[in-house]
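Take a look at the structure below.
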Amino acid sequence: VHFIQSDNDGKGRIYDFYRGKDRSPYYVFSDDLGNSWQSGSRMIEFEKQWPYVKYASDGENKIHFVTTESHPRFWDCSIYHAYFEKGKVYRSDGTLIRDLKDGPIHPTEATKVFQGDPKNNAWTVDLHLDKDNLPYTVYSVRNNIDHFQYRSARWDGETWNDHFLAFAGRALYEIQFDYCGLAALDPDDPDVVYVSTDADPVTEAPLISKTDNVRHYEIFKGTT
């Protein structure tokens, strides 16, 4: 994922965030519209597998991100938020975590949005910024292989407001039991979300088709 920021003395800098060969998140940047690139740093490191990250830029100085500690197959994942600005990483409230020249951050150093545990295993899904450049996110939580839910969270400038959003149904695949249908936030309206689920998003009743009597995934639009 790449963003054009007003860094480089206002001349514009392109940041490219990517997964390296060890699958950890890194970044590179270009000050000449992508004709040449300079190596940045490793962003995040975790001792067990690798984190999963979603990014959103304000187009000026800050690139927000939400992350897990690891893959939910290998860890009881929580959700964390921080933002990147000119090579440094900050907590949601603006507290400096570290200049990445001094090494990557650990996920738990960021601001915790949701606490995971063996029965509530979280995974990042989507992230955007509102008109005031405050982040809002949606993520999935696996309670067991047949029971997922979506949760949404918004930063109001002082705290994260985190809520249950909808039931997400079952895992998509038996072999990949952390995968669900996912969700998408409206980038222009933080009150609107779309979710994919094979369960009623409100009651969790299975969505059985009257045509073939088989359970199917459907897409729902919700307004919070």
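If you're wondering where the values come from, they're calculated on a predicted model, not measured in any experiment. Along the sequence shown, the residues carry numbers beginning at 1.
Remark: the Q176 side chain and the R73 side chain contain an N/O donor-acceptor pair separated by less than 3.5 Å. Looking only at atom types and distance, the side chain of S152 has no donor-acceptor partner in the side chain of H163 under 3.5 Å away. Between the side chains of D156 and N161, a donor-acceptor pair is found at a separation under 3.5 Å. Residues D117 and N120 have side chains that bring a donor and an acceptor to within less than 3.5 angstrom of each other.
At most 12 heavy atoms of other shown residues, nucleotides or ligands fall within 6.0 angstrom of atom CD1 in I219.
The two residues A183 and V193 make their nearest non-hydrogen contact at CB-CG2, 4.5 Å. Contact record, Y136 with D130: CE2-N, 3.5 Å, taken as the closest heavy-atom pair.
Salt-bridge annotation for K48 and E69: absent, with no side-chain N of the basic residue lying under 4.0 Å from a carboxylate O of the acidic one. With salt bridges taken as basic N to acidic carboxylate O contacts below 4.0 Å, none links K54 and D126. Between R154 and D191 there is a salt bridge, since at least one side-chain N of the basic residue sits less than 4.0 Å from a carboxylate O of the acidic one.
Remark: R13 qualifies as a cation-pi partner of F29 under the 6.0 Å distance and 45° angle criteria applied to the six-membered ring. Taking the centre and axis of the six-membered ring of F177, the NZ or CZ atom of R170 falls outside the cone set by 45° and 6.0 Å. In this structure, K62 is positioned above the aromatic face of Y83, its NZ or CZ under 6.0 Å from the six-membered ring centre and within 45° of the axis.
Residue W123 is grouped with residue Y173 when hydrophobic side chains (ILVMFWY) are merged at heavy-atom distances under 4.5 angstrom, including chains of intermediate members. I44 and Y90 fall into different hydrophobic clusters, where Ile, Leu, Val, Met, Phe, Trp and Tyr side chains are chained together by heavy-atom contacts under 4.5 Å. Cluster membership check: I97 shares its hydrophobic cluster with V53, using side-chain heavy-atom separations under 4.5 Å among Ile, Leu, Val, Met, Phe, Trp and Tyr.
Looking at heavy atoms from C-beta onward, Y139 lies out of side-chain contact with T68 at the 4.5 angstrom threshold. A 4.5 Å side-chain heavy-atom check between S196 and L182 finds every atom pair outside the cut-off. Between P51 and S70 the shortest side-chain heavy-atom distance does not fall below 4.5 Å. The shortest side-chain heavy-atom distance between D178 and H71 falls under the 4.5 Å cut-off.
How far OH of Y80 is from CD of E109: 11.0 Å, rounded to the nearest 0.5 Å.
Not less than 6.0 angstrom separates the ring centroid of F65 from the ring centroid of H81.
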Handout entry: From CA spacing to verdict: side chain to side chain contact (heavy atoms under 4.5 Å, CB included), V28, Q38
Key = CA-CA 6 Å; V28 293; Q38 300 179 55; over 6 Å; no
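Using cut-offs of 30° and 60° on the angle between ring planes, the pair F84 and F17 is perpendicular.
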